[in-house]
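Reviewing the structure listed below.
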Amino acid sequence: QLQFVESGGGLVQPGGSLRLSCIASGVPVDNDDDGIGWFRQTPGNKHEGVACIDNSGGTTNYADTVKGRFTISRDNAKNTVYLQMNNLESEDTAMYYCAQLRTVTPGRCGMIPGFNSWGQGTQVTVSS
């Protein structure tokens, strides 16, 4: 089963920047899965999709709340997906997770049914 290790979170002021990393290791159970996504759990226990990228890096999608501020990218040689976060806002405070996705097409980030291989996540706190 593919394992994920998230890192790069921290405490930043509004307007600051962070770059999160998601390192994948192991062997996936299903080789038909087509991408990686970033998700976050906010205070109040809201779960939101943030961004996703397909396996080639040719397709990326973003939630409207982060579009223009966040950039997802990948380095397949390092088995790593990144999330560059600029102009951070207090509303971005959350625990951030990455996950393997079944489908990444323009405008759609499709979850794997029953996905349960979440990493430990990395905490992002935006505060003065």
Side-chain angles (χ1 to χ4, degrees):
Q1 188 175 34
L2 199 64
Q3 304 294 318
F4 300 97
V5 177
E6 300 96 341
S7 63
L11 174 64
V12 297
Q13 297 184 29
S17 297
L18 286 172
R19 188 173 78 157
L20 307 184
S21 297
C22 171
I23 301 174
S25 63
V27 179
V29 175
D30 190 345
N31 290 323
D32 293 330
D33 297 329
D34 289 333
I36 299 291
W38 282 99
F39 301 82
R40 64 189 183 186
Q41 183 172 345
T42 63
N45 206 32
K46 293 182 178 180
H47 296 80
E48 302 175 336
V50 177
C52 66
I53 187 168
D54 69 354
N55 287 339
S56 72
T59 299
T60 58
N61 296 314
Y62 299 92
D64 288 340
T65 50
V66 308
K67 192 174 299 181
R69 299 187 298 118
F70 291 10
T71 302
I72 189 170
S73 62
R74 66 189 303 155
D75 185 342
N76 286 341
K78 298 180 179 179
N79 297 316
T80 302
V81 174
Y82 303 98
L83 186 68
Q84 178 67 47
M85 305 185 296
N86 298 325
N87 300 313
L88 283 162
E89 304 169 351
S90 61
E91 292 79 8
D92 296 315
T93 295
M95 184 72 76
Y96 284 73
Y97 300 89
C98 57
Q100 191 171 17
L101 298 177
R102 174 60 48 83
T103 302
V104 178
T105 56
R108 181 170 185 263
C109 308
M111 293 285 292
I112 298 172
F115 180 82
N116 63 356
S117 189
W118 301 96
Q120 295 300 304
T122 185
Q123 178 68 42
V124 172
T125 302
V126 185
S127 176
S128 298

### Message
Is it the case that the side chain of Ser90 and the backbone of Ser127 share a donor-acceptor pair, with hydrogens and angles ignored and the cut-off at 3.5 Å?
### Response
no
### Task
Mark yes or no for whether Arg108, through its side chain, and Asn61, through its backbone, hold a donor-acceptor pair below 3.5 Å.
no
### Message
Looking at every heavy atom in both Ile112 and Gln100, which two are closest together, and how far apart are they?
### Response
CD1-O, 3.6 Å
### Query
How far apart are the C-alpha atoms of Gln3 and Ile23, what are their side-chain angles, what is the distance that settles it, and do they pass the side-chain contact (heavy atoms from CB on, under 4.5 Å) test?
CA-CA 8 Å; Gln3 304 294 318; Ile23 301 174; over 6 Å; no
### Query
Is a side-chain donor or acceptor of Asn76 paired with a backbone partner of Asn79 at a separation under 3.5 angstrom?
no
### Value rounded to 0.5 Å, distance of CE in Met95 from OG1 in Thr122
7.5 Å
### Query
What is the minimum heavy-atom distance between Ala99 and Phe39, and which atoms define it?
CB-CE1, 3.8 Å
N/O donor to acceptor pairs below 3.5 angstrom from side-chain atoms of residues 5-18, sequence neighbours left out:
unit_1 : atom_1 : unit_2 : atom_2 : d
Glu6   : OE1    : Gln120 : N      : 3.4
Glu6   : OE1    : Gly121 : N      : 3.0
Glu6   : OE2    : Cys98  : N      : 3.0
Ser17  : OG     : Asn86  : OD1    : 2.9

### Task
For residues Val81 and Ile72, determine if any side-chain heavy atom of one lies less than 4.5 Å from a side-chain heavy atom of the other.
yes
#### Entry: Between CZ on residue Arg69 and CG on residue Asp92, distance to nearest 0.5 Å
4.0 Å
### Flag, side chain of Asp34 to backbone of Leu101, donor-acceptor distance under 3.5 Å
no
### Query
Between Tyr62 and Thr71, what is the shortest heavy-atom contact and its length?
OH-CA, 3.4 Å
### Query
Are Phe70 and Leu88 close enough that some pair of their side-chain heavy atoms sits under 4.5 Å apart?
yes
### Message
Nearest 0.5 Å, please: how far is CD in Gln41 from NE2 in His47?
### Response
3.5 Å
### Task
Can you measure from OG (Ser117) to OH (Tyr97) and round to the nearest 0.5 angstrom?
13.0 Å
### Message
Quick check: closest heavy atoms across Thr105 and Thr59, and the distance to 0.1 Å?
### Response
C-CG2, 3.8 Å
### Message
Please identify which of these residues, Phe4, Tyr96, Tyr82, meets the side chain to side chain contact (heavy atoms under 4.5 Å, CB included) condition with Cys22.
### Response
Phe4
### Task
Quick one: pull up OG1 in Thr65 and CZ in Arg40 and give me the separation to the nearest 0.5 Å.
5.0 Å
### Task
Using the rule that two of Ile, Leu, Val, Met, Phe, Trp, Tyr join whenever any of their side-chain heavy atoms come within less than 4.5 Å, decide whether Trp38 and Met111 are in one cluster.
yes
### Query
Short question: side chain of Arg74, backbone of Gly57 - any donor-acceptor pair under 3.5 Å?
no
### Message
How long is the straight-line distance from CE of Met85 back to CG of Leu20, given to the nearest 0.5 Å?
### Response
3.5 Å
